[in-house]
Amino acid sequence: MSNELSPGFANPVADAQSCFRAVLDAMARPGRVHAISGVSAPPPLCDAAAAVLLSLIDQETPLWLDPAVAQAHGWIAFHTGALVVEPTEAMFAMALALPDLAAFPDGSDEMPETSATIILQVASLRSGRHFALEGPGLREPRILPIDGLPADFPAIWQRNHGLFPRGIDLILCAGNELTALPRSVTIREA
Amino acid sequence: MKGYNFAYLDDQTKRMIRRGLLKAVAIPGHQVPFGSREMPLPYGWGTGGIQVTASILGAGDVLKVIDQGADDTTNAVSIRRFFARTAGVATTTATAEATVIQTRHRIPEKQLREDQIIVYQVPQPEPLSRLEPSRIETKRMHGLADYGLMHVKLYEDISRFGQVSISYDYPVMVNERYLMSPSPIPAFDNPKMDMMPALQLFGAGREKRIYAIPPWTRVKSLDFDDHPFRTINAPHPCGLCGATDSYLDEVVTDNHGGRLFVCSDTDHCSERRAAGHVGTDGFQEAAE
């Protein structure tokens, strides 16, 4: 392991803005894939996941880190200043495999916005199993291929969506691409 | 601008607002609290909308700001100048050229596109505020989707006046779940929110709330089967451009009862006049 930290965004203000706009558009139009630039990620993170962390995480957002991300812990701590916490206290999570959603806060009926957002790094958003998404933001069902989700993902998501307005939101990252699955969408295998 | 961050707000504030916006989009119509900052203009002048705009704006954006449909009123001019100065972004008055449109109390007549974002300035985000003053109670009502109180208000209006007596800020149901204030836009504009291709964001600075409607989302104005929602508009064509389908302002022109009805959307009106449409009080645009 190298002792040198790689830099964050080349242009912190502009790069964070364009990454946020990509996430916002992906959240508003679930499953739309955006490409990200401006950062070279520390292993094992992909560029998109690193960019999302730099754009949204700071000392105000308790973060849960997948043990598999340990190698990048120093980079995340230095660039975001986030407090690393247990899943039950997390506002955000950085995971390399889908964690147990039930372990994270899903908000309350009166304050559903207090639920966690999970940044999930997957193998690909261009190939893999095809899912059909439906819900607000989608004029017609969108087909999204995702490689790197557990086999029973549609059932897991159905439980999460069934909690609406409570529920977890997912930001999916692969390579330099990202998309989002807000709790409001329904997902079935296509 | 020297000494300030891009678009005035510091990046930590922007991150806080951005996280709120993402949650707001994920829960269409739900009001998300945020730490509203002091801005260089007072609450009531669009500070909520300005903070949302500042958090989403990038160097490549083209900004349009309207106040009651007009690009040339005080509020619109000062906010447009504020962002031209603090963010250096391009500004426009043409609806079609804008990527971000900040608005006070109107939706442009021209249909918005997928690649546009509209930001509403909101004075009172809580649609139930006039019926139930307690925030704790209204929060509970939203949590339980218990909107009986609003239906009673509409029913009482109909039994007393024969119609719903709300002409602006007409409450809507978003995605069949949340009762939402559309901000004080005329009820005339409500149907434009339904299945709009553009993302709609709402900011209330004094009340410290953000909410959103994703594109292609059902937005239904509250009504009853036997008293369906209807829009109201002055029964006149625009005096300047002759439009019969736009929302009109009534302008008093003299002390003898003179009236002029003109499009509230100034860009829509001037575009029509440039295309050769003339109303009864207008004149032919000089040929260039």
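Quick note on labels: first sequence line is chain A, next is B, and so on, each numbered from 1.
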Output the distance between atom CG (L24(A)) and atom CG (L22(B)), rounded to the nearest 0.5 Å. 6.0 Å
R19(B) CZ to L56(A) CG distance, which is reported to the nearest 0.5 Å: 7.5 Å
Heavy atoms of Y178(B) and D109(A) approach each other most closely as OH-O, 4.3 Å
Pick one of side chain, backbone, both or neither for L57(B), based on which atoms fall under 4.5 Å of a heavy atom in chain A. backbone
What part of T117(A) lies closer than 4.5 angstrom to a heavy atom of chain B: side chain, backbone, both or neither? both
Which residue out of A28(A), S18(A), P182(A) racks up the most heavy-atom pairs below 4.5 Å with chain B? A28(A)
Between E113(A) and Q31(B), a side-chain donor and acceptor under 3.5 Å: no
For K220(B), is the NZ atom crowded, meaning more than 12 foreign heavy atoms sit under 6.0 Å from it? yes
Note: K23(B) and A116(A) closest approach over all heavy atoms is NZ-O, 3.5 Å
With a 6.0 Å cut-off (strictly less than), is the heavy-atom count around CZ of R135(B), excluding the residue itself, greater than 12? yes
Sort out for me which of A180(A), G167(A), G107(A), G137(A) touches chain B most, counting heavy-atom pairs under 4.5 Å. G137(A)
Which bit of V185(A) is near chain B, if near means a heavy-atom gap under 4.5 Å: side chain, backbone, both or neither? neither
Could you tell me which non-hydrogen atom of A16(A) sits nearest to which non-hydrogen atom of D11(B), and how far apart they are? CB-OD2, 4.4 Å
Whether over 12 other heavy atoms sit under 6.0 Å from E86(A) CD: no
Closest heavy-atom contact between T217(B) and P136(A)? OG1-CB, 3.5 Å
Looking at E114(B) and R139(A), is there a salt bridge between them, counting it only when a charged N and a carboxylate O are closer than 4.0 Å? no
Using a 4.5 angstrom heavy-atom cutoff, name the option from Q59(A), Q17(A), R166(A) with the most pairs to chain B. Q17(A)
Can you say whether R21(A) sits under 4.5 Å from chain B via the side chain, the backbone, both, or neither, judging by heavy atoms? side chain
Count the heavy atoms belonging to other residues, nucleotides or ligands that lie under 6.0 Å from CD1 of I143(A), then report whether that count exceeds 12. yes
Over all heavy atoms of both residues, which pair between P197(B) and R29(A) is shortest? Give the atoms and the distance, please. O-NH2, 2.9 Å
Within a radius of less than 6.0 Å around CD of E137(B), do more than 12 heavy atoms belonging to other residues, nucleotides or ligands occur? yes
Restricting to non-hydrogen atoms, name the atom on F164(A) and the atom on A26(B) that form the minimum distance, rounded to 0.1 Å. CE1-O, 3.7 Å
Examine whether an atom of R18(B) lies under 4.5 Å from a heavy atom of chain A, and if so say whether it belongs to the side chain, the backbone or both; otherwise answer neither. both
Between P30(A) and chain B, which part of the residue has a heavy atom less than 4.5 Å away: side chain, backbone, both or neither? neither
Under 4.5 Å from a heavy atom of chain B, the part of I57(A) involved: backbone
Please check if atom CH2 in W216(B) has more than 12 non-hydrogen atoms from other residues, nucleotides or ligands closer than 6.0 Å. yes
Distance, nearest 0.5 Å, that separates CG of D58(A) from NZ of K14(B): 14.0 Å
Can you tell me how far the CZ atom of F20(A) sits from the CG atom of L21(B), to the nearest 0.5 Å? 4.5 Å
For a salt bridge (charged side-chain N to carboxylate O under 4.0 Å, His left out) check, start with the C-alpha distance between R15(B) and E60(A), then their side-chain angles and the critical distance, and finish with the verdict. CA-CA 10 Å; R15(B) 275 194 297 274; E60(A) 295 176 355; over 6 Å; no
Can you tell me how far apart CD (E110(A)) and NE2 (H142(B)) are? Round to the nearest 0.5 Å. 10.5 Å
Value rounded to 0.5 Å, distance of CG in D169(A) from CD1 in I27(B): 6.5 Å
Which portion of S115(A) sits near chain B, non-hydrogen atoms under 4.5 angstrom: both
Assess whether atom CD of E176(B) is packed by more than 12 heavy atoms of other residues, nucleotides or ligands within 6.0 Å. no
Can you tell which part of D61(B) gets under 4.5 Å to a heavy atom of chain A, answering side chain, backbone, both or neither? side chain
